[in-house]
Structure formats: structure tokens, C-alpha cells
J.: 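Here you go, one structure.
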Amino acid sequence: MEVVQADAPSGLNRRWTEWRQHTPALGPGLIAVALMVLWAEHDGGYDAETWYWGALLLLALTAGITVRRGLKRTMTSRRSRVALGAFGLYVAWSYLSITWAHAPGTALEGSNRALLYLIVFALMATLPWTPKGAQIALVAFSLGVGAIGLVILLRLGSADRVGQLIIDGRLEAPTGYFNSSPALFTMSSLVAIALASRRELPGLLRGVLIAVASSGLQLALMAQSRGWLFTLPLVLLVTIVLAPDRLRFGLTAILPTVAALIPVHRLVTVFASGDPAALNRAAQSAGRESLILCVVMLVVGTLIAWIEGLRRPPDLSPTRRRQIGTAAVVLVLAAGLVGGSVATHGDPIGFVKTQWQGFSHPSTSNATGSHFATVGSGRYDFWRVAMDAFLAHPIGGLGQDNFDAYYLLHRRTDEEPAWTHSLEMRLLAHTGIVGFGLFAVFLVAALAGAWRVRRRGDPLGHVVAGIALLPLTVWLIHGSVDWLWEIPALTGPALGFLGVACALDRVADASPSGSRARPQPVLRGVAMLAGLLSLAACVVVLGFSYLSVREVSLASDARYSDPSGALHDLTAGASLNPLNADPGRLAGAIALQNGEYLTAEARFRQAIDRGSGDWLSWLGTGLAASELGQRRLAHHDFQVSYSINSQQTAVRQALARVYTKNPLTSAQAFNLLVLVH
């Protein structure tokens, strides 16, 4: 008895000691992962009101950890420091672009978003991750997104408010964008497959991860994103390169792939459902079949994992493993080709040719059976104008997030995109060759550190580093043909887990004990002062911007029930952020709708002063002047609005009718406005 009593606490202490080495990183790291999942559930975190408070929370975490651990203990590897420095310079250059941006308020918000991503990367890269702790964080991310997917499938299977999930026959939830939702589920699925292939994880957890991967691939198909479909082969190819054990990864991927292929017809034909009743029936059928298959894969995956745990498979020679691994990968790729053939109605070659023709020569033809067969895209013109913007402003670009107004002046389509739909084009058009170069240095340095761990790390470390790079793979490749940077639920995991992989480079890069010279007191003092000043600047720029956005949100909610209160909130919002044009624009619209034309004119003028390329505010001032009988002033303002956006029906009619007996009223203008994003 005495021996048992002595050994029991010893065993508990040993386990606690093992877990203690993971907790310094897992605590704040899991908070960051939870925030990523929360963003995913709330429209991908796209709304500024959502990600601003998240940025402040992560900033507080980063600052608190740095103060608690000390600057010296927070230091990372040389490659991570280069990456952090380059990313920091990119963000600084982004803020500097406010000085030449056409819309400074938009550039400020875009720079604040870039700062958020810097904070995410810095936090995850400076935490003292252990391979086991990093693996737990990846599991948490995959399960979190998997839980979102499960809720969506349950709602589809029960026909619960399907119209909120599926828009125009395509799955829009949870990020609110047809192309970003499949990217999110692909990130989660690839991570889940890679983790499920690991023998050291519990059998039940491996089964759950296989079910998560199955649901993620099913939901990705339901979104029917052509950009996702086109980039998927390259994503899979890079994933195979990064996979730590290609044999196990390929074999594990078979189950989720089969689970996605069996219901592919039902998943895709939801697009053809015309009326709400037909949509509910199609979604219910697809949801129920998908749920059944996920349960089957959970059971099968768990059984396989348990059997593997009871009876260790025979050791294979390297040659034999490569042969089986290659066969498994070929099988998965072949299954993917079958799925692609079904999605393209049996003619993938013709599909590619047709889509390329539609891409380079946009048409108006629409498919009725599947969105995958739809022809035509505005991306070619988006990228043409983005490249023109870069050539016209090669050093600093247009200013962060200032593409939309420039596109309106140079477009050949009737679309009004806010974003370039390409990461590379975004960097060049918004921040010029300087911003592009700085971000490229960041990526190269960070990837160099992560790849070093992938190639030379300890057995678990090199596995985790490879898995941690999978979200970045999806983000980089798919993001080259779409706008994913702007969605924190995608950019956060991509750069955050890249930071985790870089953090694992710390041990491999560590100098022998005592070989590193202690920094001089003066240098330490300068570093501390610089850190405090940077922290104060971040708090000010994020805090006041968030308060301004919050006031605009409150005013938007109260614009009909309490117009005067909404105008008061917008006055506060405008004072909190002197660059933000949104308070003036919204206040002008509220005043115009309530017959306060002098107030409307003043508020719209405030918005114009903060961004002269705002065609909507010029239209608003013209409408207010017209209501006040100031036809000549209204004509001038309508002309300016027309010179910026000549394709808006409301602008054209306002200009044509300004000197007639029946000029366009504000109510008529609001009914005519069509904003395409």
C-alpha cells in the first residue's frame, strides 16, 4: 500500500510536468484559434466591427505575454525575426500609403486589417510552442470548423432556414461568400486528414477527424466555386509534397473523398432548385445523405484506428512504402477527377476550354444545372485594371484598399468590385512594388523557417510543421484567383499556423547556452521604449477606429426607429475617426430620407472631404441641393458623380432630369440604386 500511495502522486506529477511544458503556448494559442473559429461563424469576420475587437484582444495577449516572459525569452529564430521585421515594415508602408490614397479612411481600415494579421502572426510565432502543443492547436481548429460544418448539415437535413445558408443555389454559409466558404472547409479538411493519419492520436479522435474532413469536402462542393475547383489540383499537389507521411495521408484521404463523391450529384443539383419548396427538398436530401455518410465514416475511421492500435501493421521497406503511397495518392487523385467529371457533366476538358474562353472574353451565359458550368467572369478585367494601376503607381500603389474607385474609372464591365480578386494583384495595386517586395520577403523568410523544421525537426515536430502549412497552401493558391486576404477567418489561420511552424524553428536555431551576449542596458532600454511606443500607437489606431465603427453600427440599427439618435451617434463616429467617410455618408442618407436636406448636404460634404472619389456622396449632395431648389449646384454634383460611375441608373437619371419639371427625388434615387460587389 505504501508503494502504491507513493507511486500514484508520482504518476500524476509526471503527467502534470509533461502538460506544463505545453501550457505557456496553449493558453493564448487556443484563444487565438477560438477567435478564428468565431470569425468563421460570423461571416468570416469580414465585418470590421467583428475583427476590430478581436485585434485588440490579440494585441493585449501579445503585449501581456511579452511583458511577462521578457523580451529575451520571447525572441524567435533568425528567420522568424526577418519575417516579423518584413511584415512589420509592410504594415508601416501600408499606413504610409494613407498619405497618397484617394480615400484615406479606406486605406486606414485596410492598414488596420493588415495590422491584425501581423498581430496574429507575431503572437503565434513568439509563443513557446512544443510539437505536441501545436498539434493540439491544429486539432482544435479542425474540430471548431468541423462543428460549424455539422450545424450547417443538420440545418440542411432538417430544412431549417435553408434560404439563409444557400443563395442562388449555392452554399454561402458560414463566411457569407461563395468562394471563401469552400476555402475554409478545404483548410479544415486537409488538416483533419493529416491529423487523422497520425497513429499517436486516440482512435475515436481520428474517427471524428475523418468525419470532419468528409463534411468539409461535401460542403465545399455545395458552394460550387469555380475558383476553388480550378485551384484544387494544385492545392492537392502541394499538400502531397508537404504531407509528412504520404502513404498514411493518401490512405486516410480515401474515406473522406468517397464520402464527398457518393452524394456529389445531390450536392451539385441543389443549384437547379428554382422555388423555395424545391430548394428545401433538395437541400434536405443532400443534407441527410451527407450526415449519414459522415456517421459511417466516423464509425469506419474509428474502427480502423482501433484495429491499428491493437495490431501494429507490419513494417514496410522504404521502396514498398513509396509504392503503396503512390498508389494511394493516385487513387485519391483519380477519385477527385471522377468528382470533377461529375461536376462538369462528364466533359472536364471542354469545361476548361469553355471557362478559359469565358474568363478572357466574359459572356452573359448562365448554366441551369450547376454553377460549375456557368461561363463568364469579371476577373480578367479586374486584373487588367489592377495591373494598370500598378504601372501607373509602381512605387506605392493606389493606397491600401483603394482599388474600387480606380476600377470604376477604367472598367470594361458593369461590375463594381471592392477587391482585386488576387493576392498578388492586391499587393501590387494597393502598395506597389515596395509593399509587394516586403510581403514577399516575409513569406520567404517564414517559409524558410517552417521548411527547416519540416526537414530537420524532431519526429513529431517535422510532422506538425508540415500540417501547419496546409491552411497557408489553400490561402495562397486559391487566394491568387480570389479575394481571401480580406476575410480574417481565412487569413488568420493561414498566417497564424505559419507562425506556429516558425516557432518550432526556435529549438533548431538556438545557440549554445551562454554563447549569446547579453544585450547592453542602453539597447534594452531603447527596445523597451520602442515597444511601448508601438503598443500605444496600435492601441490608439485600433481603439479609436473600432469605436468609430461601433457608432456607425449603432446608428445603422437605429436609423429608422430613432433617426435623430442615429445622427448623434454618427457625429460621434465621425469625430472618433477623422478619416472615416462612412459616418458622413450614412448620416447624409438618413437626413435625406427624413427631409433634412441642409443636414444631408453638410454630412455628404463631410464624406466627400474624406474621400473625393465617393460617387454616392456626390449623388447625395446633388439630391439634397435639388430638393432645396439649387439646380445648378445639383447639376454640378451629379456631373461629378457621373464622371466617377457613369453606369449607375440613379446617377444617369438624376443628371438627365435635374432641369426638368420632375427632377429625381431622393426616394426614387434610393429605389434605383444598385450596388454590385
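All values reported here derive from a predicted model rather than from experimental measurement.
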J.: For the ring pair F439 and F442, is the centre-to-centre distance below 6.0 Å?
T.: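 Aromatic pair counts; centres sit under 6.0 Å.
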
J.: With a 4.5 Å cut-off on side-chain heavy atoms, are S189 and V212 touching?
T.: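 Answer no - side chains too far apart.
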
J.: State the CZ-NE2 distance between F403 and H421, to the nearest 0.5 angstrom.
T.: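 Taking CZ in F403 and NE2 in H421, the distance rounds to 9.0 Å.
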
J.: Can you tell me how far apart CG (L56) and CG (N112) are? Round to the nearest 0.5 Å.
T.: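 Rounded to the nearest 0.5 Å, the CG-CG separation comes to 9.5 Å.
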
J.: Under 3.5 Å, is there a donor-acceptor pair between the side chain of R248 and the main chain of S197?
T.: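 The answer is yes, because a donor-acceptor pair under 3.5 Å joins these two groups.
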
J.: Ignoring hydrogens and geometry beyond distance, is a side-chain donor-acceptor pair present between W51 and Y46 at under 3.5 Å?
T.: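 No donor-acceptor contact under 3.5 Å links the two side chains.
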
J.: For A48, does its backbone N or O pair with a side-chain atom of E109 as donor and acceptor, under 3.5 Å?
T.: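 A pair under 3.5 Å: no.
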
J.: Is it the case that the side chains of D381 and Y407 hold a donor-acceptor pair, with the cut-off being a distance below 3.5 Å and no angle test?
T.: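 Side-chain D/A pair, Y407 to D381: present.
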
J.: Look up atom CG in L190 and atom CG in L236, then write down how far apart they are to the nearest 0.5 Å.
T.: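 So the CG of L190 and the CG of L236 are separated by 6.5 Å.
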
J.: Scan residues 477-498 for pairs that pass salt bridge (charged side-chain N to carboxylate O under 4.0 Å, His left out), counting only residues two or more places apart or in two chains.
T.: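 Checked against salt bridge (charged side-chain N to carboxylate O under 4.0 Å, His left out) - neighbours excluded - the pairs reaching residues 477-498 are R379-D482, R426-E486.
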
J.: Closest approach of T252 and A196, non-hydrogen atoms and distance?
T.: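 Closest approach of T252 to A196, heavy atoms only: CG2-CB, 3.8 Å.
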
J.: Quick one about W475 and T491 (side-chain donor to acceptor, distance below 3.5 Å, no hydrogens or angles considered), yes or no?
T.: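 Per modelled atom types, T491 and W475 side chains form a pair under 3.5 Å.
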
J.: Locate the shortest heavy-atom distance separating S480 from E424; write the atom from each residue and the value.
T.: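 Minimum heavy-atom contact is OG-OE2, 2.8 Å.
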
J.: Is a side-chain donor or acceptor of H462 paired with a backbone partner of V453 at a separation under 3.5 angstrom?
T.: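 Absent.
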
J.: Have S77 and S80 got a donor and an acceptor in their side chains that come within less than 3.5 Å?
T.: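 Short answer, yes.
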
J.: With no hydrogens and no angle check, is any side-chain donor or acceptor of S180 less than 3.5 Å from a backbone partner on G176?
T.: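 Answer holds: no.
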
J.: For the residue pair L484 and L423, establish whether any side-chain heavy-atom pair is separated by less than 4.5 Å.
T.: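 With C-beta onward as the side chain, the pair stays apart.
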
J.: Is there a side-chain contact between L470 and M187, using heavy atoms and a 4.5 Å cut-off?
T.: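 Counting from C-beta outward, L470 and M187 never come under 4.5 Å.
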
J.: Answer whether the closest heavy-atom distance between the side chains of S225 and H478 falls below 4.5 Å.
T.: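 Sidechains of H478 and S225: in contact.
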
J.: Between W93 and W100 (judged by ring centroids, cut-off 6.0 Å), do the two rings come close enough to count as a pair?
T.: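 Yes; W100 has its ring centre under 6.0 Å from that of W93.
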
J.: Tell me if a side-chain donor or acceptor on S215 pairs with a main-chain N or O of G149 at a distance below 3.5 Å.
T.: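 Between the backbone of G149 and the side chain of S215 there is no qualifying donor-acceptor contact (under 3.5 Å).
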
J.: Just do the side-chain contact (heavy atoms from CB on, under 4.5 Å) check on M387 and L428 with the steps written out, would you?
T.: CA-CA 8 Å; M387 183 55 66; L428 289 171; 4.3 Å; yes

J.: So, R79 side chain and A445 main chain: donor-acceptor pair closer than 3.5 Å or not?
T.: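 Not a single qualifying donor-acceptor pair exists.
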
J.: Do I193 and L209 come within less than 4.5 Å of each other through their side chains, counting heavy atoms only?
T.: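 The answer is no, as the side chains (C-beta and beyond) never meet within the 4.5 Å cut-off.
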
J.: Testing the 3.5 Å rule here: is there a donor-acceptor pair between the side chains of E416 and N645?
T.: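 A pair is found: one side chain offers a donor N or O, the other an acceptor, under 3.5 Å apart.
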
J.: Check whether the ring centres of F141 and F497 lie less than 6.0 Å apart, and answer yes or no.
T.: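 Ring-ring flag for F141/F497: true, centres closer than 6.0 Å.
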
J.: I want to know whether W228 and F178 have ring centres closer than 6.0 Å.
T.: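 Ring-ring flag for W228/F178: false, centres at least 6.0 Å apart.
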
J.: Could you pull out the closest heavy-atom pair between E172 and I167, with the gap in Å?
T.: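 In this case the closest contact between E172 and I167 is OE1-CG1, 3.4 Å.
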
J.: Measure the spacing between CG of D388 and CG of L409 and express it to the nearest 0.5 Å.
T.: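 Separation between the atoms: 12.5 Å.
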
J.: Count the heavy atoms belonging to other residues, nucleotides or ligands that lie under 6.0 Å from NE2 of H393, then report whether that count exceeds 12.
T.: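 Result for NE2/H393: enclosed.
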
J.: How about H430 and T420: do any of their side-chain heavy atoms sit closer than 4.5 Å?
T.: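 Yes. Closest side-chain heavy atoms under 4.5 Å.
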
J.: Would a 4.5 Å heavy-atom cut-off, applied to side chains only, mark L476 and L443 as touching?
T.: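 When only atoms from C-beta onward are counted, L443 and L476 do touch, with a gap below 4.5 Å.
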
J.: What are the two closest heavy atoms between G45 and T50, and how far apart are they?
T.: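 G45 and T50 have their closest heavy atoms at CA-CG2, 4.1 Å.
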
J.: Can you confirm whether the side chains of T106 and N402 place a donor and an acceptor under 3.5 Å from each other?
T.: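 No donor-acceptor contact under 3.5 Å links the two side chains.
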
J.: Taking only residues two or more places apart in sequence, or in another chain, which ones meet Y90 in a side chain to side chain donor-acceptor pair (under 3.5 Å)?
T.: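 Expected list: Q400.
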
J.: Checking side-chain contact (heavy atoms from CB on, under 4.5 Å) for the pair H102/L398: CA distance, chi angles, key distance, verdict?
T.: CA-CA 7 Å; H102 208 58; L398 299 169; over 6 Å; no

J.: Whether the side chain of R246 engages the backbone of V241 through a donor-acceptor N/O pair (distance < 3.5 Å, no angle test) should be reported.
T.: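 Confirmed, R246 side chain pairs with V241 backbone.
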
J.: CG/L108 to CG/L115 distance, rounded to the nearest 0.5 angstrom?
T.: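 Here the interatomic distance stands at 10.5 Å.
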
J.: Minimum heavy-atom separation for A173 to F185, with atom names?
T.: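 Distance-wise, the nearest heavy atoms are O-CE1, 4.1 Å.
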
J.: Is there side-chain contact between P417 and W483, with heavy atoms separated by less than 4.5 Å?
T.: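 With C-beta onward as the side chain, the pair stays apart.
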
J.: Would the distance check show the side chain of W383 and the main-chain N or O of G378 forming a donor-acceptor pair, the cut-off being under 3.5 Å?
T.: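 Checking the backbone N and O of G378 against the side chain of W383, no donor-acceptor pair under 3.5 Å is found.
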
J.: Could you pull out the closest heavy-atom pair between D505 and R452, with the gap in Å?
T.: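 So the minimum-distance heavy-atom pair works out to OD1-NH1, 3.1 Å.
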
J.: Measuring from L219:CG to S188:OG, what's the distance to the nearest 0.5 Å?
T.: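 Reported value, rounded in 0.5 Å steps: 10.0 Å.
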
J.: Hey, mind stepping through Q135 and L195 against side-chain contact (heavy atoms from CB on, under 4.5 Å) and telling me if it holds?
T.: CA-CA 8 Å; Q135 186 182 49; L195 290 169; 3.9 Å; yes

J.: Quick one, F230 with V481, criterion side-chain contact (heavy atoms from CB on, under 4.5 Å). Give me CA distance, side-chain angles, the key distance, then yes/no.
T.: CA-CA 9 Å; F230 272 118; V481 298; over 6 Å; no

